[in-house]
Amino acid sequence: MSILLIPIAPLSKTKSRLRDCFSTEQLKELTIAMFKDLGNKLTEVNCYDKKIIYCNSRKILELANDYDLVGIKENLTTPSKSFDKVIEDLNDIAIKKYNASQTVFSFLDLILITKKNFYEINDLLGQNQIVICPAIHSAGISVLGRNPPDIIASYFSDPIIPSLLAQFKNAIKYKIDKFAIYDSFRAGFDIDIKEDLVLAYEYLKMFDLKHTNVFKFLKKNLRLSLKKRNPLNNRSFEIIERG
């Protein structure tokens with residue numbers, strides 16, 4: 001069984017790094033927009049035996065039914081679990097309840113990811129023990145596939161080493177030789193910080209995705225743009241308020 005797993009933070013805690021850009025209600029609206037766009041894509045993805053949404057929020061779990069996704073309610077704890085613990089718990093559910101032979105973790109904020117990306121990642125995982133799509137703007141991971149699903153732990157919560165480097169380091173440590181990097185701009189772009197919002201708005205236009213819920217949300221609510229600090233340097237820019 002090949003299973004796609006998508007953990008989603010509760011709506012009350014969603015996208016906390018963007019609280020200086022949007023109100024709490026707007027962040028909830030953005031999350032729901034991302035979910036609807038993802039749901040629309042996944043209705044056309046048939047390479048997984050199950051597609052599971054793991055979240056504590058009733059609204060997200062109700063929406064999951066609209067897209068024929070399996071919704072599983074996450075039990076929150078005090079103190080909150082680390083992200084690696086959330087990943088472990090969901091992975092265990094996939095193994096014990098659904099007899100998963102391989103799992104793919106993807107995330108809600110990969111707003112450019114395509115149907116083709118999901119198929120290619122699943123095919124690649126059939127030939128490898130680990131498949132990783134690196135995040136574009138960090139040393140992080142946007143998609144993690146494991147075959148079998150318990151071959152190695154995830155390392156999103158390492159206190160010192162970024163997740164991409166930690167995962168690779170431990171794959172070497174445990175002598176996992178069938179390790180593949182899935183190289184994709186669209187599968188590797190996520191929305192995490194203010195800069196990502198501005199780029200997301202522009203990329204959605206470039207990829208002719210102006211019909212999406214996320215684009216419509218950003219068009220209505222985003223009041224930011226990028227400006228180069230130095231005319232000769234594309235790597236140095238500032239975020240400015242736009243009219």
Side-chain angles (χ1 to χ4, degrees), residues 1-8 37-54 64 67-70 72 83-158 161-190 203 207:
M1 296 276 284
S2 180
I3 298 185
L4 178 66
L5 303 171
I6 303 174
I8 300 175
D37 288 342
L38 177 62
N40 286 328
K41 292 174 190 174
L42 291 181
T43 58
E44 299 182 353
V45 174
N46 300 311
C47 57
Y48 300 101
D49 297 288
K50 297 287 183 183
K51 294 169 283 188
I52 297 176
I53 304 300
Y54 190 57
Y67 300 98
D68 293 324
L69 304 172
V70 177
I72 295 178
F83 191 51
D84 277 329
K85 179 58 177 170
V86 173
I87 294 289
E88 179 186 347
D89 288 349
L90 178 51
N91 204 55
D92 285 346
I93 291 171
I95 295 170
K96 295 173 182 176
K97 186 172 182 178
Y98 296 100
N99 197 29
S101 58
Q102 59 185 47
T103 56
V104 174
F105 277 88
S106 185
F107 304 105
L108 184 64
D109 59 358
L110 303 178
I111 63 165
L112 301 179
I113 197 168
T114 68
K115 167 184 165 182
K116 180 181 178 182
N117 292 144
F118 284 113
Y119 277 99
E120 290 178 343
I121 289 166
N122 190 62
D123 289 344
L124 195 58
L125 186 57
Q127 306 165 40
N128 291 277
Q129 296 165 296
I130 298 178
V131 173
I132 288 177
C133 180
I136 292 296
H137 292 130
S138 68
I141 294 172
S142 67
V143 181
L144 171 64
R146 291 179 287 187
N147 177 16
D150 56 357
I151 189 170
I152 191 173
S154 65
Y155 297 92
F156 292 98
S157 303
D158 190 293
I161 305 174
S163 56
L164 177 65
L165 307 184
Q167 199 75 55
F168 185 68
K169 174 184 175 182
N170 282 281
I172 294 173
K173 176 181 177 181
Y174 292 107
K175 299 181 179 178
I176 296 173
D177 54 356
K178 292 183 178 181
F179 184 107
I181 296 294
Y182 180 70
D183 181 10
S184 170
F185 172 81
R186 291 190 63 160
F189 178 80
D190 61 359
Y203 290 150
F207 286 109

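The structure presented is a predicted model; accordingly, all values stated were derived computationally and were not measured.
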Test side chain to side chain contact (heavy atoms under 4.5 Å, CB included) applied to Leu144 and Leu125, Thr103, Ile130, Ile121, the passing residue: Ile130
Close side-chain approach of [X] to [Y], heavy-atom, < 4.5 Å:
| X | Y | result |
| --- | --- | --- |
| Asn147 | Gln127 | no |
| Val86 | Tyr54 | yes |
| Arg146 | Ser154 | yes |
| Leu69 | Ile6 | no |
| Tyr203 | Arg186 | no |
| Tyr155 | Asn170 | yes |
| Asn122 | Gln102 | yes |
| Val143 | Val104 | yes |

Minimum heavy-atom separation for [X] to [Y], with atom names?
| X | Y | value |
| --- | --- | --- |
| Ile136 | Ser184 | CD1-O, 4.1 Å |
| Ser106 | Pro7 | O-CD, 3.6 Å |
| Asp177 | Gln129 | OD1-OE1, 3.3 Å |
| Pro149 | Ala100 | CG-O, 3.6 Å |
| Ala171 | Ile152 | N-CD1, 3.7 Å |
| Lys115 | Glu44 | CE-O, 3.3 Å |

Carboxylate-amine/guanidinium contact Asp37 Lys41, below 4.0 Å: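 Salt bridge: no.
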As an exercise, state the distance from [atom1] of [X] to [atom2] of [Y], rounded to the nearest 0.5 Å.
| X | Y | atom1 | atom2 | value |
| --- | --- | --- | --- | --- |
| Met1 | Tyr98 | CE | OH | 9.0 Å |
| Asp123 | Tyr182 | CG | OH | 10.0 Å |
| Ile52 | Ile3 | CD1 | CD1 | 5.0 Å |
| Asp84 | Asp89 | CG | CG | 11.0 Å |
| Asn91 | Asp150 | CG | CG | 7.5 Å |

Backbone of [Y] reached by a side-chain donor or acceptor of [X] within 3.5 Å:
| X | Y | answer |
| --- | --- | --- |
| Gln167 | Ala153 | yes |
| Lys51 | Leu42 | yes |
| Asp158 | Ser163 | no |
| Asn117 | Thr114 | yes |

Just jot down the side-chain hydrogen bond (donor to acceptor under 3.5 Å, both in side chains) partners of Asn128, sequence neighbours excluded, or say none.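 By the side-chain hydrogen bond (donor to acceptor under 3.5 Å, both in side chains) rule, Asn128 matches no residue at all.
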Could you walk me through whether Tyr67 and Ile53 satisfy the side-chain contact (heavy atoms from CB on, under 4.5 Å) test, starting with their C-alpha distance in whole Å, then the side-chain angles of each, then the deciding distance to 0.1 Å, before giving a yes or no? CA-CA 11 Å; Tyr67 300 98; Ile53 304 300; over 6 Å; no
Run the ring-centre check on Phe156 versus Phe107 and record whether the distance is less than 6.0 Å.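 Aromatic pair counts; centres sit under 6.0 Å.
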Starting from the C-alpha separation in whole Å, work towards a yes-or-no answer on side-chain contact (heavy atoms from CB on, under 4.5 Å) for Ile113 and Phe189. CA-CA 8 Å; Ile113 197 168; Phe189 178 80; over 6 Å; no
Would the number of heavy atoms belonging to other residues, nucleotides or ligands and lying under 6.0 Å from OH of Tyr48 be above 12? yes
Counting heavy atoms not belonging to Phe207, are there more than 12 under 6.0 Å from its CZ?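 Atom CZ in Phe207 is packed in, count exceeds 12.
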Would Ile181 and Phe168 satisfy side-chain contact (heavy atoms from CB on, under 4.5 Å), going step by step from the backbone distance to the final call? CA-CA 10 Å; Ile181 296 294; Phe168 185 68; 5.8 Å; no
Would you kindly say whether Asp190 and Ser142 are connected by a side-chain donor-acceptor distance under 3.5 Å? no
